[in-house]
Each structure stands twice: as C-alpha cells, then as structure tokens.
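Reading through the structure tokens given below for one structure.
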Amino acid sequence: MAETLPANAVLQLAGLKKSYLSGDSELEVLHGIDLTLQRGEFAALIGPSGSGKSTLLNLIGLLDRPSAGQLFIDGVETSTLSETEITRLRGQRIGFVFQHHLLIPAFTALENVMMPLLIDRGRPDTAMRARAAELLAGVGLSERADYPASKLSGGQQQRVAIARALAMRPSLVLADEPTGNLDTHTADDIFALLREVNQREQTTFLIVTHDPRLAGRCDRIVELVDGDIVSDRPHPIPTKHLPAD
Amino acid sequence: MHPWLPFEWIAATRFLREGRTQSLLIIVGVGVGVSVIVFMSALLSGLQSNLVKRTLSSQAHLVLLPAEEIARPQFGEGQALVQKQAQRLRSIDQWQALRGRLEKLPEIAAISPVASGPAFAVRGDANKSISLIGIEPANYVRVIELDQKMVGGELRVNAGEALIGIELARDLGATLGDKLRINASSGASDTLTIVGLFDLGNKAANARNVYVGLRTAQSLLDLVGGVSSIDLALHDMYQAEALSQRLNAETGLIADSWIKTNAQFFTALTSQRISSNVIRFFIGLSVAFGIASVLVVSVVQRSREIGILRAMGASRGQMLRTFLLQGGIVGLFGSLLGSALAWCFLALWRTLAVNADGTPMFMIEVEPGLVLIAAAGATLVGVLAALMPARRAASLDPVVAIRG
C-alpha cells in the first residue's frame with residue numbers, strides 16, 4: 001500500500017505547510033503534511049477541532065494556496081499554476097460535497113447538477129442535461145429533477161450535491177462533514193451512496209468527519225492533530241476496494 | 001434554461017428572478033427616473049422648438065449685409081480725428097457671383113436676395129413709415145415661411161403688387177384690392193395694389209413690413225440690379241454663428257446670425273438646456289446608486305452561492321460578468337418601463353395643456369430615437385453601477401464565502 005506508483009496517485013502532498021499572519025507573528029497551522037491518495041481510495045480525515053482539517057481540505061481543494069511544499073493533482077504540480085489554471089483544474093478534477101449542501105436555490109435540482117458542466121462549457125446542451133439526469137437517477141432523485149433546490153429536504157439536497165460533485169467525472173471528491181446536518185438514518189443512506197459511487201466509478205474520496213462510526217466504515221483513516229498527521233492506518237481491509245487487484 | 005444562453009446570462013436572469021421583489025422595486029425605481037428624463041426631454045424640446053419657431057418666424061437664420069463704409073484719413077493713423085461715416089443704402093458688391101458661391105455650401109438650405117429700405121406708405125390722408133422689402137417669393141418662403149403667415153389674398157408680388165401686414169392695413173384703412181402709394185426717400189414713388197395680407201405674429205412687423213417684387217424695390221430704393229442683403233436658411237440653425245464668422249472672414253461682408261441678433265433669447269435657450277442636463281445627470285446618478293445598492297446587497301446575500309460557484313470552477317471573470325449583466329438588465333428593463341411611463345405622462349399632458357379652443361398648446365412627441373438613447377443610456381448606467389458590486393463578487397475568497 002505504501003509503495004505505490006506515483007502515476008496512479010490522484011493526490012500527492014509533499015511537505016505541505018500553511019501559515020497565517022496573526023498580528024505580527026506567523027501562525028503555522030500545518031507543519032509539513034505528506035499524504036498520497038491512490039485512485040479509488042475511500043479515506044477519512046479525522047481530528048479534533050482546530051487540528052487543521054479544514055485548512056488541509058481547502059488546500060487540497062485548490063481553494064487556498066500552501067505556504068510551502070508541493071501539491072500534485074493527477075500528477076500536476078499546482079504551485080506554479082496561474083489563478084485561471086487553478087480554477088480550471090479545480091472545476092475539472094475536484095468535486096465538492098459540503099456540510100451545508102450549498103445548492104444554488106435559484107435553480108432546479110437538475111440544473112444544480114448540470115452547473116459544473118455549464119460553468120466549464122459556457123452554454124447548456126442536451127448532452128449535459130442527459131448526464132445530469134443520469135446522475136440524479138443514480139442518487140434516486142429522478143422524480144425531483146424539476147423541483148427548485150430550495151424545496152428539497154436536507155437528505156435530498158445532499159444527494160443532489162453528491163450528484164453535482166460527480167458531474168465532471170472528477171478524480172477526487174472532497175466531502176466536508178457530508179452527513180453532519182442529517183439524522184442518523186439519512187446519514188447512513190448518504191454514506192452508503194458515497195460508497196456505492198466509489199465502487200462503481202472508482203472515484204477517490206476524502207471525507208472529513210467527526211463521526212467515528214462513519215470513519216470506521218472507510219478504507220483508510222488519516223488523523224490530524226495540531227497540524228501533523230499522527231496516524232494513517234488502513235481500516236479494516238485496505239485493498240478490498242482498490243483497483244490494483 | 002435556454003440552450004443558446006451562456007452561463008453568465010442564465011445565472012444573471014435567475015438571480016434577478018429569484019430576488020423578485022428587489023428586482024421589481026429597483027426596475028420601477030429606474031423606470032421612474034428614466035420616465036422623468038424622457039418626459040422632460042420631450043417637453044423641453046417641444047417647448048424650445050415652439051419658442052424658436054415663434055421667435056424666428058420673421059427672421060432669417062443668417063443675413064449678409066454690405067460691409068460698413070469707412071472714411072480713410074489721408075494722413076497717418078492717429079493724426080486726424082475721423083468722424084464715423086453715415087451709412088447709405090448700398091448694394092452687396094457682385095452679389096450674383098456671391099450667390100453662386102453660397103449655393104455650393106452644404107450647410108445652406110436656401111438663399112434669398114432682398115432689396116429693402118425705408119419708405120412711406122400713403123393712402124388718402126394717412127401716411128405711414130414702412131420698411132419696403134423686395135423679394136423673390138419662391139426663394140423667400142424657404143427662408144421665412146411667409147406662405148404660412150398669409151391671412152388674406154395670395155402670396156404674389158408681380159409688378160404693381162404688394163403684400164402688407166394686418167396692422168398696416170388697419171392703420172391705413174386699406175384692404176385687398178386697394179391701391180397704395182409708396183414714396184421712397186430717393187424721391188421715386190409708385191402706386192401698388194394690395195394683393196395679400198399677412199400676420200407675422202409680431203405687431204411691429206405687421207405694421208412696418210411691405211413686401212414687393214425685387215425689381216420694384218430696386219427701382220424705388222435706387223438700387224437698380226442690387227440687393228441690400230442676402231437672407232440664408234441653414235439645415236442646422238445652431239450652426240448659424242459659426243457659419244457667420246466664416247462667411248464674414250471669407251467675404252468681408254457683415255454676417256448677422258440669429259444667435260447674435262437674439263443673444264438674450266439664445267442664452268435663455270442654452271441655460272435652459274444646461275439646467276435640464278444637470279437635472280438629467282443627477283437623476284442618472286441616483287438611478288446608478290439605486291442599482292449599485294441593490295446589487296451590493298445581492299452580492300452579500302449570495303456570497304455563499306458565489307463561493308460554491310467559484311469552487312465548481314467558475315472564474316472571477318464569469319462572476320464579474322454575471323453581476324454586470326444584472327446591472328445592465330435592470331437598466332434596460334427600467335428604461336423600457338420608463339419610456340412607457342413617459343408616454344403616458346405625455347398623453348396626459350396633451351389632454352391637460354390645451355388652448356381655449358381645444359388645440360394643443362404645442363406639439364410634443366416621444367421620438368423613437370429618444371427611447372433608444374434612454375434604453376442604451378440606462379443599460380450603460382446599469383452596467384457602470386454594477387461595476388463595484390460585480391468586482392466585489394469576483395474578488396470573494398471562496399473559502400471565506402463558503403464558510404459564510
């Protein structure tokens with residue numbers, strides 16, 4: 001597991017650091033993170049509040065820039081990319097699922113799923129619409145396609161958000177507390193859905209969660225404390241879902 | 001979602017539709033502002049063209065007169081005190097050649113040579129001082145609409161015929177078909193038949209002006225073959241002063257434009273235009289601030305959505321354009337509403353501002369050009385007003401925006 005070909009790595013972090021200016025002094029939040037995620041991995045990122053999880057997720061999601069170190073997405077080193085290239089790479093390679101669903105209320109469920117494709121290609125077309133409909137069917141929401149996003153329940157909104165995250169066939173999906181706002185039953189459904197997508201599409205997932213129950217159901221658990229990875233363990237059977245076999 | 005619309009248009013229209021109340025309120029606000037501008041512009045241009053028409057009804061846009069005669073002392077300057085010479089009635093030198101040259105100038109719409117001078121009109125015991133004006137009617141009516149001013153008889157000045165004003169007719173007790181004796185200061189005199197009566201809308205002109213044929217005037221005023229002035233009509237009357245200076249420099253003749261001879265009136269027109277432009281500017285400014293404030297609020301309200309769109313790969317440029325478009329759309333729809341409102345105001349004005357006999361006091365119309373200018377202007381103001389909020393939306397840090 002540790003000896004993997006870099007060519008197969010969806011995400012590779014080397015000595016990644018992030019510090020913020022706090023008054024006159026610099027505050028280092030991440031102290032040199034090394035991490036590699038292979039294609040098809042289903043990993044959890046856990047850690048107490050303030051451990052730097054969100055900061056790390058923002059760096060990996062290319063929403064923020066590291067202070068030092070290297071970050072590769074699909075083998076592309078990102079530190080030298082321009083703002084425009086970063087935005088494009090983010091749109092095409094990374095899908096986001098946020099805790100607060102964050103759909104665009106002015107659009108229908110189907111249109112929300114189409115949104116990343118629309119942003120990428122500039123104009124809507126029928127292929128886009130078909131892809132979105134297929135994704136909505138995949139999360140079991142075909143009959144809600146034309147509902148305004150604001151009229152959907154929390155669980156339905158999160159399903160739409162997952163479908164949207166997959167629209168561009170991203171290499172990596174980052175999920176920040178994807179079940180944080182849902183009741184246990186719905187949370188289990190959503191988690192099962194993520195798992196299903198992971199197995200069907202071989203999409204790599206990195207899931208930030210506080211919930212040990214959910215973390216326990218991931219293939220790998222990365223634990224972050226005070227800006228350092230303190231443990232990185234396969235759980236329970238690491239190779240089961242990997243494409244290597 | 002229309003298949004041919006780009007992302008920015010789709011997002012802009014959806015955002016406006018979602019914030020329906022805000023959008024409607026600001027569109028109505030823009031509409032009221034635009035309606036005032038359109039209404040005021042139509043009213044003002046109607047009023048001004050009416051005023052100009054009335055004031056200039058008996059004046060040419062530009063009059064060319066012979067240069068003043070100057071006495072030249074035989075000795076050097078300053079050594080003799082030279083009294084200013086009295087100006088006798090003279091012809092414009094070589095006016096036929098000058099006319100040929102004037103006809104080639106594109107600014108000039110009509111040229112009318114005139115021979116005019118003082119004379120007396122005598123009928124029985126009545127004796128009135130008049131201004132004798134010899135004209136070529138076909139050319140003269142293109143400079144001064146005398147044909148529109150006729151109230152009796154017809155516009156005809158063959159040999160032995162004259163047109164007089166209604167005031168002079170009353171003073172002399174004369175009417176159509178009566179004879180009139182004209183005594184010129186040169187000693188010449190002639191008896192003419194009154195074939196037409198006119199009303200120039202100006203009492204003094206109606207009491208003094210007597211129109212005769214050019215040849216009749218030339219012989220009475222001892223100007224055989226000559227003309228005392230050339231009256232010009234221009235395609236654009238506001239070019240009169242510039243052209244008068246040019247003609248003065250080129251020909252050495254005195255060139256009087258209506259702008260100079262009606263300096264106070266022209267100043268009044270200009271200051272009216274300036275003050276209305278100031279009002280328009282401030283209405284435009286308040287419209288712009290209205291649009292800007294609504295969009296600023298919208299950017300703040302939508303910062304999470306902007307953040308998520310950015311996370312999904314939307315560029316700063318796409319976000320910028322989305323909000324600029326919203327400003328432009330609000331401006332455009334506001335201006336259409338405003339033009340419709342202005343049209344209603346004008347319809348109301350037409351029913352209220354009427355003369356005692358029910359005819360409108362003066363004509364005002366909303367010209368299609370004005371509506372187009374208002375639409376283009378309001379759209380531009382909308383886009384400019386959206387610039388600040390749009391830049392704010394574009395520069396939002398997605399991390400901060402999503403965290404909310």
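As a basis for the values below, the full set of heavy atoms in this structure was taken, side chains included, without hydrogen atoms, waters or symmetry mates. Lettering follows sequence order; numbering is per chain, from 1.
- Here CG of B:L309 is found 4.0 Å from CD1 of A:I104. Values are rounded to the nearest 0.5 Å.
- In B:Y238, the OH atom is crowded: over 12 heavy atoms of neighbouring residues, nucleotides or ligands sit closer than 6.0 Å.
- Within residues 379-398 of chain B, the residues having any heavy atom closer than 4.5 Å to a heavy atom of chain A are B:D397, B:P398, listed by residue number.
- Residues A:A106 and B:R14 approach most closely at O-NH1, 3.3 Å, considering heavy atoms.
- Residue A:D120 does not touch chain B at all, counting heavy-atom pairs closer than 4.5 Å.
- Of the inter-residue distances, the one linking B:F7 atom CZ with A:M115 atom CE reads 6.0 Å to the nearest 0.5 angstrom.
- For A:E83, the part sitting under 4.5 Å from any heavy atom of chain B is the side chain, from C-beta outward, and nothing else.
- A:F107 is not listed as a side-chain neighbour of B:E18, based on a closest heavy-atom distance of 4.5 Å or more.
- Pairs engaging residues 17-51 of chain B under the ring-ring contact (aromatic ring centres under 6.0 Å, His included) rule: B:F39-B:F345 [sequence neighbours left out].
- For residues 311-326 of chain B, heavy-atom neighbours of chain A at less than 4.5 Å comprise B:A311, B:M312, B:G313, B:A314, B:S315, B:R316, B:Q318, sorted by residue number.
- Among residue pairs with one or both ends in residues 144-158 of chain A, none qualify as salt bridge (charged side-chain N to carboxylate O under 4.0 Å, His left out); sequence neighbours excluded.
- With a 4.5 Å cut-off on non-hydrogen atoms, A:P170 does not touch chain B at all.
- Atom CZ of B:F289 has 12 or fewer heavy atoms from other residues, nucleotides or ligands within 6.0 Å.
- The CZ atom of A:R164 sits 4.5 Å away from the CD1 atom of B:I308 when rounded to the nearest 0.5 Å.
- Other residues, nucleotides and ligands place more than 12 heavy atoms under 6.0 Å from the CZ atom of B:R280.
- Other residues, nucleotides and ligands contribute only 12 or fewer heavy atoms inside 6.0 Å of the CG atom of A:D226.
- Shown here for A:R90 and B:R310, the closest heavy-atom pair between the two residues is NH2-O, 2.8 Å.
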